[in-house]
Amino acid sequence: MLTLKLPDGSTKQVPPGTRPRQVAEGIGKRLAQAAVAAKVNGEIVDLERELNDGELSFQILTEKDAEALTVLRHSCAHVMARAVMRLFPGAQLAFGPALENGFYYDIDSDPPIREEDFPRIEAEMKKIVAAAEPFERFERGTPEARALVFDMKQGYKVEHIDEELSKFPSLSFYRQGEFIDLCRGPHIPHAGKIGAFKLLSIAGAYWKNDDSRKQLQRLYGTCFFSQKDLDTYLHQLEEAKKRDHRVLGKQLRLFTISQQVGSGLILWMPKGATIRGILESFIKDELMKRGYQPVYTPHIGRLELYRTSGHFPYYRDAQFPPMYFNYIAGALDLIHYRLSAGELDADKEKQFQEWLDLAGYAAPFYRAAKTTEEKLERVHESALKLIDGIGINIPKYHEAKTHAERAAALNDWLKEQEGYLLKPMNCPHHIQIYKAEPRSYRDLPVRLAEFGTVYRFEQTGELSGMTRVRGFTQDDAHLFVTPEQIEVEVGANVDLVLFVLSSLGLNDYRVRIGTRDPESNKYVGDPADWEKAEQTLIDLVAARKMNYSVEKGEAAFYGPKIDFVVRDCIGREWQLGTVQLDYNLPKRFELEYVGADNRTHRPVMIHRAPFGSMERFMGILIEHFAGAFPLWLAPEQVRICPVSERFSDYGKKVEAELRASGLRVTGDYRPEKINYKLREASLEKVPYMVIVGEKEQTAGTVSVRDRALGEGKEAELGAMPVAELSSRLQKEIQERRIRQVSTASAGLSDTSAKFSD
RNA sequence: GCUGCUGUAGCUCAAUGGUAGAGCGCCACCUUGGUAAGGUGGAGGUUCUGGGUUCAAAUCCCAGCAGCAGCUCCA
């Protein structure tokens, strides 16, 4: 006999080999009908799985359990794949997992699946659901399993077994009618459990997320136990899209992006700039209190600076091209880059070919070149033509035998050319300020702060509103500290980030500690330093009782970091605040301070930005407040709405008084009806509306409407003297009171265990 | 960068290969009002750009640019 411990605390004895379905039937008919899967010792299993171990915790999962929905969605992915296999014979299946809000299946099909195919795929799925056939699990020894998927002509499954699953003695499959899929499970008992589903989108995704592998089609869908739940979800999704910062930014005239200026470059309009200015003052005040010193540095710096820091040319592809004074240097720079890379992938090849065409050099030969070596040879010939044709003297280039040597020769020459780079980071500039004077241990920590604008050439596919841009301003600072000061300073900065986030009511974030991946050679520095630094960060966060996850391989190349990650209205994650430890740049720039022992020591750097970037922070904030900023941030705090033009003069007098008290006020003196003016002010998310008419003018008061209270009568605060309104608002501003945040989350931000509440 | 979708008035969107439209906004006039849309009229277009097919292209084809979704990337 084996013992089952049920959720209500009771126990049940059943013979070995009993299935969860039978247990459910033993408890009650309704439970058996509602059963979707079972949770045994924390593991979710099929209802038909035989129970074998001695003492088990046991729970039947029904529609009410969130975990059941995950099982349902995974099964729905199978149903979708089955429908696709019927309509697209020969389609190859890859992976098809459940997601937080749905599921996908990666499919390789010829002809490709298109969005216009969705209706017939959905129709086929409907048939499968209506048939309500069971999901049947069976196992095969791994060699037989491989033979089975091979016979089914499922190449990706074969590859997956060969690459990762061959270490297991046996593998499980699920059969549903004619459809068999290699799958770990678990699944719902039969397809009829799927109450409502919908295909949502299709997009490319690389096989095993590896961009050197084939790109497959990822079919996204979602499903629920009931049509009502699906409708609710789709409605929430629509609501969430309404607070998209790209939509609100346009509607509320906060920012714009002009193709004339360029992709990914934000133009802050007056209202957006007002909010940003307030945020900047807010953080500046905090920094002054915390011993920071302001600095200003330029937007560009010499290439040599970034060669030393390692940013150039290491992040070459992520930067705007360098600016050389010598017009030929740009071309040789490109050639150097290609030669030093030692290979040319398809993109670089295309880019280089275009350049050759433009320059009129050797393009036909290059085009005909097949191997990397041949191509590099053509690159080399172009360099020779340039060097000899223009008459530049680089003797070492002609003597060089290999492409690597040639690259080095070019690099030597390039280093002598004056060139500049749009700064990709502020640290090299701040480092120069640190180095501008000798430093004693008594001076440390040195904390240099700047709203520093940096430029990074993000790939086109990455650009997104304000959250992923090519030019942005970090609320940056660099701390130069002794090793002993690390803990206190990092801690103080974690507290600063927490203070900033809580000041804005941004509570839905997660904390990520990025550590190095010891397998990777991306990271520089002493492993012992890394160990210590990583542990310091973990201890700090743990001591503050924060939810966090340690993520290997997420560190910066120079040190581990603590990131504060939030989600946007459609569930994408963005890093905002960050605190990073750096042992690398102090070495590269040979930073020093004189210690108490009168010997020189190397400081440690802390990079940190509580907001991250002003652009991204603003984007997230717009969505967080759905455009309805709290009073202290609202670009327009009060709008005067006279009942008719007869009261414009009184309105203007009130406007002037309120403005004199420091409030941001406007007046609507158009010959429109009061309803119309109030509607418009509400839609523009002005927090307070002031109505002035006959009564107010006579009594010397104003009637106030509070947008946060609603749309009808409930929003009326009644009449009060101007002074009273003014002091009331001043108080709200001073407290930086937050009265409403967006709730239109589409269930996208409150279901993940990673996020704290 | 890759895959797919999209690009029409300031905004949101219509328009079988056959004269480019609506609502909102804007301007003018009428209306002067009491807490979320008063009325009438008017202006506003290189249908993203460049090629091509066709008697004829917003519409079909090709290329480019841009946006959206996802993947890869993110110092």
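Lettering follows sequence order; numbering is per chain, from 1.
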Could you tell me whether A:Glu645 and A:Arg670 have a side-chain N and a carboxylate O separated by less than 4.0 Å? no

Same-atom distance (P) from B:C2 to B:A63, integer angstrom: 13 Å

Using Watson-Crick or G-U wobble geometry with both distances under 3.5 Å, which nucleotide pairs with B:A36? none

Tell me, do A:Leu479 and A:Asn493 make a side-chain contact under 4.5 Å, heavy atoms counted? yes

Have a look at A:Lys677 and say if it touches a base, only the backbone sugar-phosphate, or nothing, with a 4.0 Å heavy-atom cut-off. nothing

Check ion pair A:Glu680-A:Lys677 (N to O, under 4.0 angstrom): no

Answer yes or no: is there an ion pair linking A:Glu573 with A:Arg616, defined by an N-O contact shorter than 4.0 Å? no

Tell me which nucleotide, if any, is Watson-Crick or G-U wobble paired with B:G4 when both distances must be under 3.5 Å. B:C68

Using Watson-Crick or G-U wobble geometry with both distances under 3.5 Å, which nucleotide pairs with B:G17? none

Of the listed nucleotides (B:G33, B:A37, B:U35), which one gets closest to any side-chain atom of A:Arg679? B:A37

Indicate, with a heavy-atom threshold strictly under 4.0 Å, whether A:Ile691 touches base, sugar-phosphate, or nothing. base

Treating primed atoms plus P, OP1 and OP2 as sugar-phosphate and everything else as base, which nucleotides of nucleotides 68-75 of chain B get B, S or - for protein heavy atoms under 4.0 Å? SBBBBBBB

Which letter, B, S or -, goes with each nucleotide of nucleotides 5-14 of chain B from 5' to 3', with contact meaning a protein heavy atom under 4.0 Å? S------S--

Is a donor from one side chain sitting under 3.5 angstrom from an acceptor on the other, for A:Gln217 and A:Asp108? no

Between A:Lys652 and A:Tyr669, is NZ or CZ placed under 6.0 angstrom from the six-membered ring centre and within 45° of the ring axis? yes

Tell me which nucleotide, if any, is Watson-Crick or G-U wobble paired with B:C26 when both distances must be under 3.5 Å. B:G42

Could you tell me whether A:Arg510 and A:Asp563 have a side-chain N and a carboxylate O separated by less than 4.0 Å? no

Do the rings of A:Phe557 and A:Tyr315 sit parallel, tilted or perpendicular, given the 30° and 60° boundaries? tilted

Is A:Arg670 touching bases, backbone alone, or none of the nucleic acid, heavy atoms closer than 4.0 Å? sugar-phosphate

What contact category does A:Ser703 fall into here, base, sugar-phosphate, or nothing, at under 4.0 angstrom with non-hydrogen atoms? base

For B:C27 versus B:U8, give the span between their P atoms, rounded off to a whole number of Å. 24 Å

Mind checking A:Gly712 for me? I need base, sugar-phosphate or nothing, with any heavy atom below 4.0 Å counting as a touch. sugar-phosphate

Under 3.5 Å, is there a donor on one side chain and an acceptor on the other for A:Gln215 and A:Trp207? no

Under 6.0 Å from the NE2 atom of A:His299, do we count more than 12 heavy atoms belonging to anything else shown? yes

Numerically ordered, the residues 641-648 of chain A set in heavy-atom contact under 4.0 Å with RNA chain B is A:Val643, A:Ser644, A:Glu645, A:Arg646

So, A:Gln319 and A:Tyr306: side-chain donor and acceptor under 3.5 Å apart, yes or no? no

Within the 4.0 Å heavy-atom criterion, would you say A:Glu696 contacts the bases, only the backbone, or no part of the nucleic acid? base

